[in-house]
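Protein chains get the first letters and strands the later ones, always in sequence-line order, with residue 1 at the start of each.
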Amino acid sequence: MTTHPTGIPEKPSLDGIEARMMGHWDAEGVYRFDRTATRDAVFSIDTPPPTVSGSLHIGHVFSYTHTDTIARYQRMRGKAVFYPMGWDDNGLATERRVQNFFGVRCDPSLPFDPAFTPPAKADPKNQVPVSRPNFIGLCKQLVADDEVAFEELFRMLGLSVDWSYLYKTISDQCIRTSQQAFLGNLSRGEAYQHEAPTLWDVDFGTAVAQAELVDKEMSAAYHQVAFARTDGTGNIVIDTTRPELLASCCALVAHPDDPRFQPLFGTTVLTPLYGVEVPVLAHRLADPDKGTGVAMICTFGDLTDVIWWRELDLPTRALITRDGRFSQNEPEWIGSQAGLAAYAEIAGKSSKQAQKVVVEQLRAAGAMLGEPRPIQHPVKFYEKGDRPLEIVTSRQWYIRNGGRSAELRDVFLARGEQITWHPGHMHHRYSNWVEGLNGDWLISRQRYFGVPFPLWYPVDEHGEPDFDHPIAATVSRLPIDPSTDVPDGYSQVQRGQAGGFVGDPDVMDTWATSSLTPQIATHWVDDADLFGRVFPMDMRPQGHDIIRTWLFSTVVRAHYEHNALPWTDAALAGWILDPDRKKMSKSVGNVVTPMPLLQQYGSDAVRYWAASARPGIDTALDEGQMKIGRKLSLKILNASKFTLSFPTPAVGVGAGAGVTEALDQAMLARLALVVGDATAAFDGFDYARALERAEDFFWWFCDDYVELVKTRAYSGEGNPAAASALIALRVALDVMVRLFAPFLPFVTDEVWRWSQDGSVHGATWPTAAELTNMAGADANADALGPIGEVLAQVRRAKTEGKVSQRAVVEHVVITSSSDSCSAINSALHDIRDAGSIRAFEFVQSDADVVSCVVTLAEIDTAT
RNA sequence: GGGCGCAUAGCUCAGUUGGUUAGAGCACUGCCCUUACAAGGCAGGUGUCGGGGGUUCGAGUCCCUCUGCGCCCA
């Protein structure tokens, strides 16, 4: 050991510690990934790339700290830690911000304009159309500032990221990865296109995948509508919440076992207003208890309509168009002039407007019974959308994910079994989702900004695109943008011409790119050497709310591309709740920004709060915990100052060298147990338990052990008992600082540098063996219990006597078992000095409890 | 309707294969300037472990059931 006593400040302080340590870490490259390491010596982390739109909130600090503690632990265990950061600067959030900020909108049909400058003053109502490359340029410009702020925050928080491996989802590398993976899926038949009814957000103008759906309780009303039987024997009355879709009606349906309707199956009725003849059919999904027990099937009102349409082989009578309005075209299935006239009144109207009109029309025709009855029912929304989804028929790209194949579903369920989940029960969320899939993964979006499909379509002699024969880009040309790039063998002038080509206008869903973060971070497409060293990865940290999206889709892509899991372990973080235990979200307006908290309490203190939360548990924001973290950091400073202010003891080499006192040996033995527990906890990704063990020990160490050995430690050089204390103090401090290093990287490195060269974050994780060696074979951690008990009882007597803890004790009678008595006896001098005790008396008993009768010395009142 | 989780002190939470008298921090109260730390230290009270039943020598812990809350899915 070397000593730098001059490095210890007179009054240790946490002020400015973040900037000071960050300076060291940058200069020394403490967190640089060693890319000469082979796969077995690497620990690699698939960091969630935060969405760069607006600001970070305290939830980021929370979960990223959890990951960082594990990264730091693995680094100290000798692993080359591959811990990159990514920015998710692609996607809808960025697209919307750019539109509003610059007053532009993306039009992929326009050519790139190198001289383009955005309008001086943004006019959101009069957006200037720009090409996709220009639009992407503006996106990059806008997110640049945010990314600087994000990096600053994460550095301030002390994340041990190697920033030289930073990736951005908007980058060419990401686009290439995404396109190359898609082409692989296409060539192997895992991706396919299909024309089908699709859930559609009319405001965003795009199809939406199953994983992005949310149910919202909506007010609606049942309307009773009478259909006349074609045999003239009366009416069938149905209940519907969407009477405006009557023109799309292609059948009525009731449950096959419902006796009320059994005689009617196979007969036909006429739709009111339009007079279209439709059959009455049976299907098990018709609920006899809902409304009148018979429903009308429209193409398409909801997902059940789609099932009925498919399974009952009904005609398509879709009228809602992609903008959410009723088609202007006359429906060809309406034969009568009166019917067409009725429809003309809703053509071009939105669902809501049309409903009013149709209800009036039904009333006038006498086909509506009674008044609408209000109900609450769940309605499908796009998770980012504001209006209920419609269902429209369109051509889309899909990736097979088991939603249409039990065999494939089993493959992905088996993948889920192979992942180690933290906490374990999160596995159920995955299985539950995979088992409930009801369609393949829809990856195409009718948006402008995002990763374009690397595809063109030939245009036939009539000028119609031939979607069944896509022209795929060659991999060596990636990344490409089909709206500006030209397929091999064609020229730009043939774009959109008969005999020429058109680019695929769609972009991929953001999850189609996000599902490839392991491939992106490890540079699958452009650095095979790195990829071989860090893939498959070790750890995926993420929120439990996106198991069905991010986690599952990542498993799907890695399975197809590499026939492997993307990582071995998935660590699911809980949510951050506000102090009232409500989930923090932008829409609720209870989001807390982290920087002020980092500044007020210090980064270590905020990290302490985060690391105190059990893995996967939703946790309330608690500034009280941050105060405790700050207190702990200060205590580490002061305890280190105390320990290191003694002259450096001469430490012998080998077992038991220099640690001769039983109390010191027992302390080291106890610490060895703590190290064992903390190591086991970290190996199981349970950072919180590791912290708790270290912390418990540390407070006992300060409160009891240091008080016990203080006098002996001061007793001078040349005294072997004093040297024993000094060595034990040094060794314990050294180990404790390393135990705390993953949690409190700033304060631990500060005190480490007082006595050692280099950073604690480059030091090796402590082992129980190094401590048990030093403590020797006779060390007995159990002796510490009775010793602490005596100390506590002496202190209590002084407190009750309302005297200073320095007050002298005349004598103490200790009654306990012989084991306890000998334990106490082994540290008797230390107890005597710590308690200022003049005399002891021992009484042996059978009881295992230690009881002390403390007699205080007469107080000298002559002050 | 199905699945998962949670329920322990006033508050926030530990309590790992069942095992002494169920713990910590915060809050509250009192004492103490003690040469690492007053942004500190020491000491103190508080529990029908959600209800009921069962297994066991022994249950906060395992099983059943009920209640309440949260999340995911249909």
Side-chain angles (χ1 to χ4, degrees), chain A residues 8-15 210-211 213-215 285 287 303-304 378 380 421 423-438 543-549 572 574-575 577 579 581-583 601-602 605 608-609 612-614 616-646 677 680-681 684 686 688-689 691-693 695-696 699-704 706-707 710-711 713-714 729 733 751 791-807 834-836 847-849:
Chain A
I8 305 174
E10 192 56 36
K11 179 94 180 160
S13 160
L14 296 171
D15 295 340
Q210 185 188 356
L213 302 183
V214 288
D215 279 352
L285 287 181
D287 185 350
L303 288 175
T304 315
K380 299 266 180 247
W421 299 83
H425 66 78
M426 292 295 179
H427 182 202
H428 296 291
R429 303 258 183 123
Y430 175 95
S431 304
N432 209 310
W433 174 253
V434 176
E435 283 160 6
L437 286 169
N438 58 28
H544 58 65
D545 50 333
I546 50 175
I547 290 174
R548 64 176 180 164
T549 49
L572 287 311
W575 282 333
L577 312 173
R581 302 202 64 78
K582 288 198 206 68
K583 189 193 173 187
Y601 297 103
Y608 172 88
W609 158 72
S612 304
R614 255 62 201 173
I617 303 293
D618 295 347
T619 304
L621 177 64
D622 184 359
E623 294 192 37
Q625 280 295 108
M626 297 179 193
K627 288 179 187 162
I628 299 163
R630 186 164 181 89
K631 213 171 108 172
L632 175 63
S633 302
L634 272 171
K635 193 83 173 173
I636 290 172
L637 279 183
N638 285 309
S640 301
K641 182 194 160 198
F642 168 76
T643 302
L644 296 171
S645 62
F646 288 105
D677 283 354
D686 191 350
R689 181 179 301 279
L691 172 59
E692 184 191 65
R693 289 301 142 103
E695 196 186 1
D696 273 357
W699 285 107
W700 168 81
F701 175 86
C702 290
D703 294 347
D704 282 12
V706 167
E707 292 305 320
K710 197 181 264 182
T711 307
Y714 278 123
L729 283 167
L733 179 74
V751 304
L791 194 62
Q793 293 194 31
V794 170
R795 283 169 171 164
R796 188 178 309 143
K798 292 181 180 179
T799 297
E800 283 165 3
K802 299 196 175 186
V803 296
S804 159
Q805 290 297 325
R806 284 170 78 194
S836 305
D848 213 33
V849 294

- prompt: In whole angstrom, what separates A:Leu632's CG from B:G41's P?
  reply: 11 Å

statement: Here the distance between atom C1' of B:C4 and atom CD1 of A:Ile617, to the nearest Å, is 12 Å

task: Would you classify A:Trp699 as touching base, sugar-phosphate or nothing, given that sugar-phosphate means primed atoms plus P, OP1 and OP2, and contacts are heavy atoms under 4.0 Å?
output: sugar-phosphate

message: Using every non-hydrogen atom in the two residues, find where A:Tyr608 and A:Gln625 come nearest and quote the distance to one decimal.
response: CD2-O, 3.3 Å

statement: Between CH2 of A:Trp421 and P of B:G5 the distance, given in whole Å, is 14 Å

task: List the atom of A:Arg548, the atom of A:Leu213, and the distance in Å for their closest heavy-atom pair.
output: NH2-O, 3.4 Å

With 3.5 Å as the limit, what N/O pairs link the protein to nucleotides 17-25 of chain B?
none

message: For a side-chain contact (heavy atoms from CB on, under 4.5 Å) check, start with the C-alpha distance between A:Arg429 and A:Trp421, then their side-chain angles and the critical distance, and finish with the verdict.
response: CA-CA 11 Å; A:Arg429 303 258 183 123; A:Trp421 299 83; over 6 Å; no

- request: Would you kindly check whether a donor in the side chain of A:Arg614 faces an acceptor in the base of B:U16, or vice versa, at under 3.5 angstrom?
  value: no

- prompt: Atom OG1 of A:Thr304 and atom CG of A:Asp287: how far apart are they, to the nearest 0.5 Å?
  reply: 10.5 Å

message: Can you measure A:His427 atom NE2 to B:G3 atom P for me and round it to whole angstrom units?
response: 16 Å

- request: Would you indicate, yes or no, if B:A14 has its OP1 or OP2 atom less than 4.0 angstrom from a side-chain nitrogen or oxygen of A:Arg693?
  value: no

message: Quick check against the 3.5 Å criterion: does A:Ser645 have a side-chain atom that pairs as donor or acceptor with the backbone of A:Phe642?
response: yes

Throw together a table of side-chain donor-acceptor distances under 3.5 angstrom for residues 796-803 of chain A, partners on residues two or more places apart or in other chains.
{"unit_1": "A:Lys798", "atom_1": "NZ", "unit_2": "A:Gln805", "atom_2": "O", "d": "2.9"}
{"unit_1": "A:Lys798", "atom_1": "NZ", "unit_2": "A:Ala807", "atom_2": "O", "d": "2.9"}
{"unit_1": "A:Lys798", "atom_1": "NZ", "unit_2": "A:Gly835", "atom_2": "O", "d": "2.7"}
{"unit_1": "A:Thr799", "atom_1": "OG1", "unit_2": "A:Arg795", "atom_2": "O", "d": "3.1"}
{"unit_1": "A:Thr799", "atom_1": "OG1", "unit_2": "A:Gln805", "atom_2": "NE2", "d": "3.3"}

task: Report the C-alpha separation of A:Phe701 and A:Leu729 in whole Å, then their side-chain angles, then the decisive distance to 0.1 Å, and conclude whether the side-chain contact (heavy atoms from CB on, under 4.5 Å) test is met.
output: CA-CA 9 Å; A:Phe701 175 86; A:Leu729 283 167; 3.7 Å; yes

- request: Report yes or no: does A:Arg630 contribute a side-chain atom to a donor-acceptor pair with the main-chain N or O of A:Tyr601 at less than 3.5 Å?
  value: yes

For nucleotides 27-34 of chain B, which of its nitrogen or oxygen atoms have a protein nitrogen or oxygen under 3.5 Å away, and what is each distance?
{"unit_1": "B:U34", "atom_1": "OP1", "unit_2": "A:Arg806", "atom_2": "NH1", "d": "3.2"}
{"unit_1": "B:U34", "atom_1": "O5'", "unit_2": "A:Arg806", "atom_2": "NH1", "d": "3.3"}

- line: 5' to 3', nucleotides 69-74 of chain B under a 4.0 Å protein heavy-atom cut-off (B base, S sugar-phosphate only, - none) gives --S-SS

field: Base-paired stems in RNA chain B, each at least three Watson-Crick or G-U pairs under 3.5 Å
entry: B:1-7 with B:67-73, B:10-13 with B:23-26, B:28-32 with B:40-44, B:50-54 with B:62-66

query: Given that A:His428 and A:Lys641 both sit by RNA chain B, which one's nearest nucleotide is further toward the 5' end?
result: A:His428

statement: Whole-Å distance, A:Glu800 CD to B:G44 P, equals 8 Å

message: I need the A:Ser612 OG to A:Ile617 CD1 distance, nearest 0.5 Å.
response: 13.5 Å

- request: Quote, to the nearest angstrom, the P distance that separates B:G5 from B:G44.
  value: 39 Å

task: Nearest 0.5 Å please: distance from the CG atom of A:Asn432 over to the CD1 atom of A:Ile547.
output: 10.0 Å

message: Rounded to whole Å, how long is the line connecting atom CD of A:Glu692 with atom P of B:C26?
response: 15 Å

query: If each of A:Asp686 and A:His425 is mapped to the nucleotide of RNA chain B with the nearest heavy atom, which maps nearer the 5' terminus, i.e. the 5' end?
result: A:His425

Value in whole Å for how far the P atom of B:C26 lies from CD of A:Glu623: 16 Å

- request: For residues A:Met426 and A:Tyr430, determine if any side-chain heavy atom of one lies less than 4.5 Å from a side-chain heavy atom of the other.
  value: no

- request: Apply side-chain contact (heavy atoms from CB on, under 4.5 Å) to A:Asp696 and list each qualifying residue two or more places apart in sequence or on a separate chain.
  value: A:Glu692

